[in-house]
Structure formats: C-alpha cells, structure tokens
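Written out below as structure tokens is the structure these notes cover.
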Amino acid sequence: NKIKKGITMQSNRLRVLMEVAIFAVISLILDLFIPSTWALNISFKMLPVVIIALRRGTIPGVLSGFLWGFLQFAVGNAHILTISQFLLEYFVAFALIGLAGVLSVPLKNTLRMEPERKTKHVVLAGTGLVIGSFARYVIHFIAGYIFWGQYAPEGQSAVLYSFLVNISAFSSETLTTLFVLILLAQSYKRLILVEN
Ligand code: 218
C-alpha cells in the first residue's frame, strides 16, 4: 500500500509537470500569434500560466512562467539587449506571473464550498492575476529604465519613459486578461479544481 501510494504520488508529480509544460507552450503560442507593442498589449497570453498557478499553486505557476520565458528565447521571440536584461525580463519577470498562485487555495476552497458565488470566484482569480501581472511588470519597469531608456523620446527621462510604457502595457494586458477570466467564470470548476 505504501508502494502504491508512492507510485500515485510520482505519477501525479509527472502530471503536474506535464500541465506546467503544456500551459507554458499555450502561452508561447498566444504570444507568437497575438500582435502587441511594448506600450499597448491587448492580449491574454499570461492566462495559461495564471490558470496553472491557480490550479496547481505558486511553485508550478512560477515554473510554468519560467519555462514560457525560456521558450520565448528558444524560438527566437525574445528581445535581447544584454545578458542581464534578458535574464531579468525573460526569466525573473515571466516566473513572477506564477505568484497568481498565492490565491490558489482560497479560490479552490471557495469553488468547493460556495460553488454558486461566481463573483467571489472572479474576484479571487482576478486578484491572483493582478498580483502576478503586477510583480512581472515591476520587473519590466526596472529593466525599462536601466536598459531601454535610449528609446525615450527627446527630453523625456528614462524613468518616466519606462513608467509610461510599462504602466500602459500592464493595464491593457491585465484588463484584457481579466475580461477573459470573467468570460471563463462558468468553467473554473473544470479548469481549476483538481481531484489530486
Ligand atoms: C520601456 C520599455 N520598453 C521595452 C521593454 C521590454 N519589455 C517590456 C515588456 C515585456 C517584455 C517581455 C516580452 O513580452 C519586454 C522585453 C521594457 N521593459 N521597457
């Protein structure tokens, strides 16, 4: 019986890792096909990583974001200025999206215990999204004024330039993703609740 339990735990770990990888690939595909600019980002490519974070918790979420960042690099879809900029924006920033997972347990408890309270579900999932997205964009803002300041318009400081670009990208991307999260509210039970 102990052995049986051990095997079940192992195959469950494998299952979680597969989900982490599959959802990172979905984020990558969305990123390859939805056009966006640095400042305006009407897309929901973060959503798969957010869903994995809410479904499996912070560590799988962070792993999935990290893997997405690596895949961006692997397929040549990363914008690299320097090594430290690359590590910061594609590994640290993307991994931080997984922080959405801090609301995994509260959301799953609510889905189980108060299955009819859709608004509460959306508020919890949306707050997770905002936490992960915000943490990510703090990094893009910092990288923006350290590394991307050269692209600021004449007379605009690097800090202000990075702030304006990244606050705009953060708001547009987070709101778009929130919108899709609201559309998905009926499916949280299937997307986020797991038996094991
Ligand atoms: C001001 C400024 N411009 C560009 C970047 C680079 N940046 C911003 C947002 C997201 C990503 C990752 C790929 O989607 C990158 C590389 C910046 N940080 N700041």
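Because the structure is a prediction, the values reported are computed rather than measured. Just so you know, ligand 1 is whichever comes first in the structure, and atom 1 is the first atom listed for that ligand.
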(request) Verify, without hydrogens or angle tests, whether Ser187 (side chain) and Arg190 (backbone) share a donor-acceptor contact under 3.5 angstrom. (result) no
Can you give me a line-by-line list of nitrogen or oxygen pairs between ligand 1 and the protein shorter than 3.5 Å?
from: ligand 1; atom 1: 7 (N); to: Glu89; atom 2: OE2; distance (Å): 3.2
from: ligand 1; atom 1: 18 (N); to: Glu89; atom 2: OE2; distance (Å): 2.5
from: ligand 1; atom 1: 18 (N); to: His140; atom 2: O; distance (Å): 2.8
from: ligand 1; atom 1: 19 (N); to: Asn166; atom 2: ND2; distance (Å): 3.3

(request) Taking all non-hydrogen atoms of both residues into account, name the closest pair between Ile42 and Thr176 and its distance. (result) CA-OG1, 3.6 Å
(request) Please round to the nearest 0.5 Å and tell me the distance separating atom CG of Leu88 and atom OG1 of Thr82. (result) 9.0 Å
(message) Which residues end up grouped with Val123 if you chain together Ile, Leu, Val, Met, Phe, Trp and Tyr wherever their side-chain heavy atoms are less than 4.5 Å apart?
(response) none
(request) For residues 34-50, pull every pair meeting side chain to side chain donor-acceptor pair (under 3.5 Å), keeping only residues two or more places apart or in separate chains. (result) Asp31-Lys45, Ser36-Lys45, Asn41-Ser43, Asn41-Glu173
(request) Name all residues meeting the side-chain hydrogen bond (donor to acceptor under 3.5 Å, both in side chains) criterion together with His121; count only those two or more places apart in sequence or in a different chain, and write none if there are none. (result) none
